[in-house]
Amino acid sequence: MVFDLIRPAPLTEQKRSRDGCIYLYRAMKFIGWLPPKGGVLRYLYLFWTLMTFMWSTTYLPLGFLGSYMTQIKDFSPGEFLTSLQVCFNAYGSSVKVAITYSMLWRLIKAKKILDQLDLRCTTMEEREKIHRVVARSNHAFLIFTFVYCGYAGSTYLSSVLSGRPPWQLYNPFIDWHDGPLKLWVASTLEYVVMSGAVLQDQLSDTYPLIYTLILRVHLDMLRERIRRLRSDEAMSEAESYEELVNCVMDHKLIVSYCATIRPVISGTIFTQFLLCGLVLGLTLINVFFFSDLWTGIASFMFVITILLQTFPFCYTCNLIIEDCESLTHAIFQSNWVDASRRYKTTLLYFLQNVQQPIEFVAGGIFPISMSSNISVAKFAFSVITITKQMNIADKFKTD
């Protein structure tokens, strides 16, 4: 069944960490990001890739600009804000999509590193953790899909039923003023283009969360292996030392995994941080001052999508820092007091490396954490405050 992956598979099945990305990569394949390696189908697929980038990544942001240049006088204040909030997000989405697509090879390479980490997952407890994170990751992607599609669908229906296109993109071929049929045709074309952009944006927003959810599980399993060091009296000192070396190599693979995905995350989250406060502020102004019931519902869905773009991932980054601290405590509290000199020397080296926490930085400037995200989101309330103090909303309404 389609939704089987959102439930942990039984331990009789063999699951790998990379299976947590199945829904993510299915969506990538659908939108044109993963072409076949050869044959005629590759060229047909590349044509599909070109179409999605041309319409959803290029035409969409330019369509907003074209509508402002040609029909700005036809916008009501609420319609203009509804369009403007999505316009800023569309430009940011195009940048995020370009970054993600150009560095897609890094995400694929990271899956190969996960395969190496999975080779150490031999116990039933570790396999169960892998099964749970596979289900959790695919479930998270599905939740994002429902929310993002819910925004596009609610905006489409609420706008058309109110007698106007949802985003009023520039369309020189179809004038939606020429009757209900033209309105539905123009609106449906906008919805198709926006749906492609929404899916692309969702891919850029969900991969950081999915990859770091899987990362946390491997950090947790490494912590448990460290706690078990020299706890089995049947193991010789040489065997215990070998287990320690394996833990060091596991940590090295985890660090390599983070280094592989870090440049992609840095670019996409930096772009989102730059836009989050402004877009959220414009949306809230629209909700508080200009929206009717149906437009308010669509705007509310848009607010949820904006919050989902950064908050879950930033919270996960905080948890990763705590996981790294737990690794340090596990090493120090392990059974090393009466170990050999070679074992203690290696353990000290391991401790020094683990004390460097795994952190992600947006654009080399903002540490990705809940505090940074809240600071960025606070800009939305600054926008609302400025609007109230300058009576901008009342001026729009009187005009």
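The distance from atom OG1 of Thr212 to atom OH of Tyr207, rounded to the nearest 0.5 Å, is 10.0 Å. Note: Asp220 CG to Leu215 CG = 11.0 Å, rounded to the nearest 0.5 Å. For the atom pair CD1 (Ile265) and OH (Tyr211), the distance works out to 10.0 Å, reported to the nearest 0.5 Å. To the nearest 0.5 angstrom, Ser256 atom OG is 3.5 Å from Ile113 atom CD1. Taking SG of Cys317 as the reference point, atom CD1 of Ile368 lies at 5.5 Å (rounded to 0.5 Å). Taking CG of Leu203 as the reference point, atom OH of Tyr148 lies at 10.0 Å (rounded to 0.5 Å).
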For side chain to side chain contact (heavy atoms under 4.5 Å, CB included), just list the numbers for Val303 and Leu280, CA-CA rounded to whole Å, side-chain angles, deciding distance to a tenth of an Å, and then say yes or no. CA-CA 7 Å; Val303 169; Leu280 195 58; 3.8 Å; yes
Yes or no on side-chain hydrogen bond (donor to acceptor under 3.5 Å, both in side chains) for Ser236 and Tyr241, after CA distance, side-chain angles and deciding distance? CA-CA 9 Å; Ser236 64; Tyr241 179 75; over 6 Å; no
Is there a side chain to side chain contact (heavy atoms under 4.5 Å, CB included) between Tyr257 and His218? Walk through the geometry before answering. CA-CA 11 Å; Tyr257 171 83; His218 282 282; over 6 Å; no
Run the numbers on Phe313 and Ile269 for side chain to side chain contact (heavy atoms under 4.5 Å, CB included), then give the verdict. CA-CA 9 Å; Phe313 175 61; Ile269 298 299; 3.8 Å; yes
Run the side chain to side chain contact (heavy atoms under 4.5 Å, CB included) test on Lys15 and Leu5 for me, step by step, so that the C-alpha distance in whole Å, both residues' side-chain angles and the decisive distance to 0.1 Å come before the verdict. CA-CA 11 Å; Lys15 290 293 182 181; Leu5 290 173; 3.8 Å; yes
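Annotation: cation-pi geometry satisfied between Arg230 and Tyr343 (NZ/CZ under 6.0 angstrom from ring centroid, within 45° of ring axis).
Side chain of Tyr45 to main chain of Trp33: a donor-acceptor pair is present (N/O by atom type, distance under 3.5 Å, no hydrogens or angles). With hydrogens and angles ignored, the 3.5 Å screen pairs no side-chain donor or acceptor of Ser266 with any backbone N or O of Ala362. Of the possible polar contacts, one joining the His131 side chain to the Ala9 backbone as a donor-acceptor pair under 3.5 Å is found. The main-chain N or O of Asp323 is never found under 3.5 Å from a side-chain atom of Arg216 such that the two would form a donor-acceptor pair. A donor-acceptor contact shorter than 3.5 Å links the side chain of Asn318 to the backbone of Met370. For Ser137 (side chain) and Cys21 (main-chain N/O), no donor-acceptor pair under 3.5 Å exists by modelled atom type. Judged purely by atom type and a 3.5 angstrom limit, Trp336 uses its side chain to pair as donor or acceptor with the backbone of Phe332. A donor-acceptor pair is defined here as one N or O able to donate and one able to accept, closer than 3.5 Å; such a pair exists between the side chain of Asp19 and the backbone of Arg16. One N or O on the side chain of Asn138 and one on the backbone of Val134 form a donor-acceptor pair closer than 3.5 Å. The closest donor-acceptor contact from the side chain of Ser159 to the backbone of Arg164 lies at 3.5 Å or more, if one exists at all.
Ring geometry, Tyr59 versus Trp55: the interplanar angle exceeds 60°, so the pair is classed perpendicular (tilted spans 30 to 60°). The aromatic rings of Phe302 and Tyr151 sit tilted, their planes meeting at an angle between 30° and 60°.
Using a cut-off of 4.0 Å between Lys/Arg side-chain N and Asp/Glu carboxylate O, Arg227 and Glu224 are scored as salt-bridged. Salt bridge Glu243/Arg228: absent, no basic N to carboxylate O contact under 4.0 Å. Look at Lys112 and Asp115 and you find no salt bridge, because none of the NZ, NE, NH1 or NH2 atoms lies under 4.0 Å from a carboxylate O. Salt-bridge annotation for Arg18 and Asp118: absent, with no side-chain N of the basic residue lying under 4.0 Å from a carboxylate O of the acidic one. We find that Lys182 and Asp175 are not joined by a salt bridge, their nearest charged nitrogen and carboxylate oxygen being 4.0 Å or further apart.
Pairing each heavy atom of Val198 with each of Ala152, the nearest pair is CG2-CB, 4.3 Å. Of all heavy-atom pairs between Leu253 and Leu117, the closest is CB-CD2, 3.7 Å. Across every non-hydrogen atom of Asp250 and Leu222, the tightest pair is CB-CD1, 3.9 Å. Between Ser56 and Val193 the shortest heavy-atom distance is OG-O, 3.1 Å. Closest approach of Ile210 and Gly20 over heavy atoms only: CG2-O, 3.6 Å. The heavy-atom pair separating Gly163 from Trp176 by the smallest distance is O-CZ3, 3.3 Å.
By the 4.5 Å heavy-atom criterion applied to side chains, Met28 and Leu104 are counted as neighbours. In this structure, Thr188 and Tyr156 have side chains that are in contact, with non-hydrogen atoms separated by less than 4.5 Å. When side chains are defined from C-beta on, Thr52 does not count as touching Leu199, because their heavy atoms never get closer than 4.5 Å. The shortest side-chain heavy-atom distance between Tyr68 and Cys87 falls under the 4.5 Å cut-off. Counting only heavy atoms from C-beta outward, the side chains of Tyr23 and Ile6 approach each other to under 4.5 Å. For the pair Met194/Val86, a side-chain contact is recorded, criterion being any heavy-atom separation below 4.5 Å from C-beta on. Tyr91 has its side chain out of reach of Leu275: every pair of non-hydrogen atoms, C-beta onward, lies at least 4.5 Å apart. Contact annotation: the side chain of Ile306 approaches that of Gln309 to within less than 4.5 Å [non-hydrogen atoms, C-beta and beyond].
Under a hydrophobic clustering in which Ile, Leu, Val, Met, Phe, Trp and Tyr are joined whenever their side-chain heavy atoms come within less than 4.5 Å, directly or via other members, Met124 and Ile130 fall into different clusters. Both Phe146 and Ile22 are part of a single hydrophobic cluster, where members link through side-chain heavy atoms under 4.5 Å apart. Linking Ile, Leu, Val, Met, Phe, Trp and Tyr residues whenever their side-chain heavy atoms come within less than 4.5 Å places Phe75 and Ile285 in a single cluster. Residues Val245 and Ile226 share a hydrophobic cluster, clusters being chains of Ile/Leu/Val/Met/Phe/Trp/Tyr side chains in contact below 4.5 Å. Ile358 and Met249 fall within the same hydrophobic cluster, defined by Ile, Leu, Val, Met, Phe, Trp and Tyr side-chain heavy atoms under 4.5 Å apart, directly or through other members.
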Check residues 324-331 and write down every donor-acceptor pair under 3.5 Å in which the side-chain atom is one partner and the other belongs to a residue at least two apart or another chain.
residue, atom, partner, partner atom, Å
Ser326, OG, Glu322, O, 3.1
Thr328, OG1, Cys324, O, 3.3
His329, ND1, Glu325, O, 3.4

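Between the side chains of Asn171 and Glu190, no donor N or O sits under 3.5 Å from an acceptor N or O. Between the side chains of Thr268 and Thr100, not a single donor N or O lies within less than 3.5 Å of an accepting N or O.
Remark: aromatic rings of Phe64 and Phe88 are distant, center separation not under 6.0 Å.
Atom NZ of Lys344 has more than 12 neighbouring heavy atoms from other residues, nucleotides or ligands inside a 6.0 Å radius.
With respect to Lys96, the side chain to side chain donor-acceptor pair (under 3.5 Å) criterion is satisfied by exactly one of Thr271, Asp205, Asn89: Asp205.
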